[in-house]
Asks: 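Take this structure, written in structure tokens, and hold onto it; I'll ask about it next.
Treat the numbers as computed from the prediction; the structure is a model and nothing was measured. All ligand and atom numbering here is 1-based and tracks the order in the structure.
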Amino acid sequence: MISFLMRRTIPRCRAYSSQTTSELTKVEVNEKTGVAVVTLNRPPVNGLNVAALRSLEKVIGDLETNKCKGLILSSSSKNIFCAGLDLTEIYKPDQEKLKSLWTAFQDLWIKLYGASFPTTAALNGHAIAGGCVLALSCDYRVMVPNSSIGLNETELGISPTAWIIASMQNVLSKRSVELALLQGRIYKTNQALEIGLIDEIANDKDETIKKCEEFIAKYSRVQSLAFSLTKRELRGKAISELTSNRQGDLQFFVDSINNPSVQKFLEKYLQSLKSKKN
Ligand SMILES: CCCCCCCCCCC/C=C/C(=O)SCCNC(=O)CCNC(=O)[C@H](O)C(C)(C)COP(=O)(O)OP(=O)(O)OC[C@H]1O[C@@H](n2cnc3c(N)ncnc32)[C@H](O)[C@@H]1OP(=O)(O)O
């Protein structure tokens, strides 16, 4: 459990106190503001396996319980926010593990997209596929230059499910969503800003966090209850639709991943990632 004991006399430089809940997700809470920096920590690329997804979900649940004032999602990697689901878990998958992976991803999305406090993504690097979904689930996105963000699902031969589309529709124009999803496009930082996939560009990781803090500070005069009820009104439909069709959504993902052409693509894709270094 994350402790939220505030000591208002703490000097600014010591304001963030480390409260590690797991090696996979580090949590630091600013004792002055109640804002938490939550850092994904699964090197090398923050690939999302079941443990990483569950760890982040638990942290968000704890922040919810402790009436957190805002969340800044960041990464311990130098140039990668998150490379999405762990591809090694979806290539030649163990069927039970595959189901657990998607169920954990659904659970995490429900908590993050529906969080009752302001949420931001401090994108210190690439945010691909599932990494982009995490960013889209937040209320605000700040990214460093020369990074990539997007949902490359058509490359894999699967289509994103309704709640992933809803997360993107929440941020982009209808036209941009169509182009982004149908083309499976990955955007560079400046292109992402142009279409509204991110909200701001920052020079480096520290500045991404500072800009996220500034965004969250704008809510200091907003009543927490009004904030959470309004957010629920805005996002509740997409969440209810998933909640009432979790099994169907799971089956769609499992069938898509088990499709032989998807597995064949994944084999080549993983090889191409490995051979980049040679
Ligand atoms: C093609 C899949 C598209 C799915 C889209 C679905 C859209 C709906 C979303 C919901 C479902 C979500 C699904 C997913 O998230 S699937 C994961 C898709 N992710 C990717 O396609 C990203 C792949 N990675 C990269 O493009 C690059 O690694 C990246 C730009 C992120 C970083 O490049 P960099 O050059 O800095 O690093 P390397 O490529 O050398 O990677 C370092 C090592 O990490 C391994 N790696 C990379 N990504 C993953 C991953 N997602 N899972 C597991 N492992 C990964 C890579 O192979 C390197 O390993 P080695 O050091 O052993 O060589």
Asks: Can the ring centroids of Y219 and F227 be said to lie less than 6.0 angstrom from one another?
Replies: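 Centroid separation for Y219 and F227: below 6.0 Å.
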Asks: Assess A129 for proximity to ligand 1: is some non-hydrogen atom of it under 4.0 Å away?
Replies: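 Within the 4.0 Å threshold, so yes.
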Asks: Answer yes or no: does an N/O atom from N152 fall short of 3.5 Å to an N/O atom of ligand 1?
Replies: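 Yes - when backbone and side-chain N and O of N152 are compared with those of ligand 1, one distance drops under 3.5 Å.
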Asks: Mark yes or no for whether N41, through its side chain, and T25, through its backbone, hold a donor-acceptor pair below 3.5 Å.
Replies: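 Not at all, since once roles are kept as given, no pair shorter than 3.5 Å links the two residues.
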Asks: Less than 3.5 Å between some nitrogen or oxygen of G130 and one of ligand 1, yes or no?
Replies: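 It does: an N or O of G130 is found under 3.5 Å from an N or O of ligand 1.
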Asks: Taking N or O atoms only and a 3.5 Å limit, does L87 qualify as a polar contact for ligand 1?
Replies: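 Yes; at least one N/O pair falls below 3.5 Å.
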Asks: Are H126 and S148 linked by a side-chain donor-acceptor pair shorter than 3.5 Å?
Replies: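 On atom types as modelled, these side chains qualify, holding a pair under 3.5 Å.
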Asks: Which of the atoms in ligand 1, numbered in the order shown and given with their element, are less than 4.0 Å from a heavy-atom of G84?
Replies: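 The list of qualifying atoms is 15 (O).
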Asks: For ligand 1, is F81 a contact, meaning one of its heavy atoms is under 4.0 Å away?
Replies: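 Per 4.0 Å heavy-atom rule, F81 does not contact ligand 1.
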Asks: Do any nitrogen or oxygen atoms of K274 lie less than 3.5 angstrom from nitrogen or oxygen atoms of ligand 1?
Replies: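 Yes, since at least one N or O of K274 sits under 3.5 Å from an N or O of ligand 1.
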Asks: Using a 4.0 Å cut-off to any heavy atom of Y269, which atoms of ligand 1 qualify?
Replies: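 Those qualifying, in numeric order: 1 (C), 20 (C), 21 (O), 22 (C), 23 (C).
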Asks: Hey, quick one: are V27 and L24 part of the same hydrophobic cluster, counting side-chain heavy atoms closer than 4.5 Å, chains of contacts allowed?
Replies: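 No, V27 does not connect to L24 through the hydrophobic network.
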Asks: Without swapping roles, check the side chain of T208 against the backbone of V142 for a donor-acceptor pair under 3.5 Å.
Replies: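 The answer is no, because no donor-acceptor pair under 3.5 Å joins these two groups.
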Asks: Please could you name the atoms of ligand 1 that V45 approaches to less than 4.0 Å, counting only its heavy atoms?
Replies: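 Heavy-atom distances to V45 below 4.0 Å select 41 (O), 42 (C), 44 (O), 46 (N), 47 (C), 48 (N), 49 (C), 55 (C).
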Asks: Exactly one of I149, N46, L40 should register a side chain to side chain contact (heavy atoms under 4.5 Å, CB included) with F81. Which one does?
Replies: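 Answer after filtering I149, N46, L40: L40.
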Asks: Answer yes or no: is there a donor N or O on one side and an acceptor on the other, between the side chain of D199 and the main chain of R141, under 3.5 Å?
Replies: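 Looks like yes, one N/O pair under 3.5 Å.
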Asks: Considering only heavy atoms of I128, which atoms of ligand 1 have at least one such atom less than 4.0 Å away?
Replies: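 Listed by number with element, the hits are 20 (C), 21 (O), 22 (C).
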Asks: At less than 4.0 angstrom from any non-hydrogen atom of P44, what atoms of ligand 1 do you find?
Replies: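 Ligand 1 atoms under the 4.0 Å threshold to P44: 43 (C), 44 (O).
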Asks: Is I80 touching ligand 1 with its side chain, its backbone, both, or neither, if touching means heavy atoms under 4.0 Å apart?
Replies: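 The answer is the side chain.
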Asks: Just let me know how Y91 lines up against ligand 1, side chain, backbone, both or neither, with a heavy-atom cut-off below 4.0 Å.
Replies: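 Looking at Y91 and ligand 1, no heavy atom falls under 4.0 Å.
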Asks: Are any of the N or O atoms of L270 closer than 3.5 Å to those of ligand 1?
Replies: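 The answer is no, given that L270 and ligand 1 share no N or O pair closer than 3.5 Å.
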Asks: Taking a hydrophobic cluster as the set of Ile, Leu, Val, Met, Phe, Trp and Tyr residues connected by side-chain heavy atoms closer than 4.5 Å, whether directly or through intermediates, do I72 and V144 fall within one such cluster?
Replies: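 No.
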Asks: Counting neighbours of CD on Q223 that are heavy atoms of other residues, nucleotides or ligands and sit closer than 6.0 Å, is the number greater than 12?
Replies: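 Counting neighbours around CD of Q223, 12 or fewer heavy atoms of other residues, nucleotides or ligands fall under 6.0 Å, so no.
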Asks: Among pairs that include at least one residue of residues 155-197, which meet ring-ring contact (aromatic ring centres under 6.0 Å, His included), considering only residues two or more places apart or in two chains?
Replies: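 Of all non-adjacent pairs touching residues 155-197, those that pass ring-ring contact (aromatic ring centres under 6.0 Å, His included) are W102-W163, F105-W163, W109-W163.
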Asks: Given L181, L134, I164, which has its nearest heavy atom closest to atom 9 (C) of ligand 1?
Replies: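 Comparing heavy atoms across L181, L134, I164, the nearest one to atom 9 (C) of ligand 1 lies in I164.
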Asks: Not counting sequence neighbours, which residues clear side-chain hydrogen bond (donor to acceptor under 3.5 Å, both in side chains) with Q263? List them please.
Replies: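 With neighbours one apart ignored, the set is empty.
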Asks: Hey, is ligand 1 close enough to F105 that some N/O pair sits below 3.5 Å?
Replies: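 No.
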Asks: Should the proximity of D86 to ligand 1, defined as any heavy atom under 4.0 Å, be assigned to the side chain, the backbone, both, or neither?
Replies: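 Near ligand 1, D86 shows its backbone as well as its side chain.
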